[in-house]
Amino acid sequence: LSEVYFKTGQTKQGYDEFNVAARDLREAKRYDELIRMYEKVIASDEGNLDNYRNMADVCIEKGDLEKSEKAIRYLLKVNSNDTEAAELLV
């Protein structure tokens, strides 16, 4: 449902639905599905840096450090002073 909202420009409603689904998937440790969701939402809203940060966190939980590092490096590329992102690399 969140994809429909995003595609029709209803970003707030899209994020409301997305956040519910993301929470449920994270609690169920269904990381692969959640990462795919983050990849889709990032593709449709590249400017929302929270999506990159959240995806990095999920990838760390899953143990996918390569994907996590990619998201973190993007955050640092956009804002080299992002100490929160820099701490995730440690």
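None of these values were measured; they are calculated from a predicted model.
- In this structure, NZ on Lys40 lies 13.0 Å from CD1 on Ile42, to the nearest 0.5 angstrom.
- One finds the NZ atom of Lys62 at 5.0 Å from the CD1 atom of Ile35 (value rounded to the nearest 0.5 Å).
- Salt bridge absent: Lys29 and Glu61 never bring a charged side-chain N and a carboxylate O closer than 4.0 Å.
- Side-chain contact between Asp82 and Arg53: present, with at least one pair of heavy atoms (C-beta onward) separated by less than 4.5 Å.
- Once rounded to the nearest 0.5 Å, the distance linking CG of Asn79 with CD of Glu84 reads 11.0 Å.
- Of the inter-residue distances, the one linking Glu39 atom CD with Leu34 atom CG reads 10.0 Å to the nearest 0.5 angstrom.
- Separation of atoms CG (Asn51) and CG (Asn48) is listed at 4.0 Å; rounding is to 0.5 Å.
- Between Asp16 and Val20, the closest side-chain pair of non-hydrogen atoms is not below 4.5 Å.
- Of all non-hydrogen atoms in Lys67 and Cys59, the two that sit nearest each other are CB-SG, 3.6 Å.
- In plain terms, the two heavy atoms of Met37 and Ala22 that are nearest each other are CE-N, 4.1 Å.
- A 4.5 Å side-chain heavy-atom check between Leu88 and Asp57 finds at least one atom pair inside the cut-off.
- In this structure, Glu33 does not pair ionically with Arg36, as no charged nitrogen and carboxylate oxygen lie closer than 4.0 Å.
- Linking ILVMFWY side-chain heavy atoms closer than 4.5 Å, directly or via other members, places Leu25 and Ile60 in two distinct hydrophobic clusters.
- Ring centers of Phe18 and Tyr38: under 6.0 Å apart, within the cut-off.
- Among all heavy-atom pairs drawn from Tyr31 and Arg26, the shortest one is CE2-O, 4.3 Å.
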Mind listing the side-chain donor-acceptor pairs of residues 71-78 below 3.5 Å, one per line with the distance, residues two or more places apart or on another chain?
{"from": "Arg73", "atom 1": "NE", "to": "Glu69", "atom 2": "OE2", "distance (Å)": "3.0"}
{"from": "Arg73", "atom 1": "NH2", "to": "Glu69", "atom 2": "OE2", "distance (Å)": "3.1"}

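- Of the possible polar contacts, one joining the Asn19 side chain to the Tyr15 backbone as a donor-acceptor pair under 3.5 Å is found.
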